[in-house]
Amino acid sequence: RITVRDTAAPRSPGLVVTTGRAPVLALAFSPDGGELRVTTAHSVHRAHSLDPARAAAVVCARSGGGLGEEEWRTHLPHLPHRKTCP
């Protein structure tokens, strides 16, 4: 796994990117710095979003619109429900 830290906020926990058991062969940031691109022996190339807004948009698109109230209670029972996707 790879931990990406923001040097401007060194106390923040950082973002952990799971790479599996394969060795990492190459790392690169996208030109705008919004993605970390990782190449391992098992995957040709994967891009991981480093921008929270961009990551949220991808999650919303994949999930079909976020968690409904019942799903929210299942996964986040200690938090009140809120709309997570536009």
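All values derive from a computational prediction rather than experimental measurement.
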When you group the ILVMFWY residues by side-chain heavy-atom contacts below 4.5 Å and let the links chain together, are [Y] and [X] in the same group?
X     : Y     : answer
Phe29 : Leu15 : yes
Leu76 : Val59 : no
Val38 : Leu25 : no
Val24 : Leu50 : yes

Keeping Ser49 on the side-chain end and Asp51 on the backbone end, is there a donor-acceptor pair under 3.5 Å?
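Such a contact is found between Ser49 side chain and Asp51 backbone.
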Looking only at heavy atoms, what is the nearest atom pair of [X] and [Y], with distance?
X     : Y     : result
Trp72 : His81 : CB-CD2, 3.4 Å
Gly65 : Cys85 : O-CB, 3.5 Å
Glu71 : Gly68 : OE1-N, 3.0 Å
Leu67 : Thr84 : N-OG1, 3.9 Å
Arg1  : Thr19 : N-OG1, 3.5 Å

Please test Ile2 against Val16 for side chain to side chain contact (heavy atoms under 4.5 Å, CB included), starting from the C-alpha separation and ending with a verdict.
CA-CA 6 Å; Ile2 300 162; Val16 176; over 6 Å; no
In Å, rounded to the nearest 0.5 Å, how long is the span from OG of Ser30 to NE2 of His48?
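If we round to the nearest 0.5 Å, Ser30:OG and His48:NE2 are 12.5 Å apart.
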Say you draw a straight line from CG of Asp6 to CZ of Arg11; how long is it, rounded to the nearest 0.5 Å?
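Nearest 0.5 Å value for the CG-CZ distance: 14.0 Å.
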Measuring only between side-chain heavy atoms, which start at C-beta, is Arg54 closer than 4.5 Å to Asp32?
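Yes, close enough: below the 4.5 Å cut-off.
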Looking at Glu35 and Arg37, does any basic side-chain N land under 4.0 Å from a carboxylate oxygen?
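Here Glu35 pairs with Arg37 in a salt bridge, since their nearest N and O are under 4.0 Å apart.
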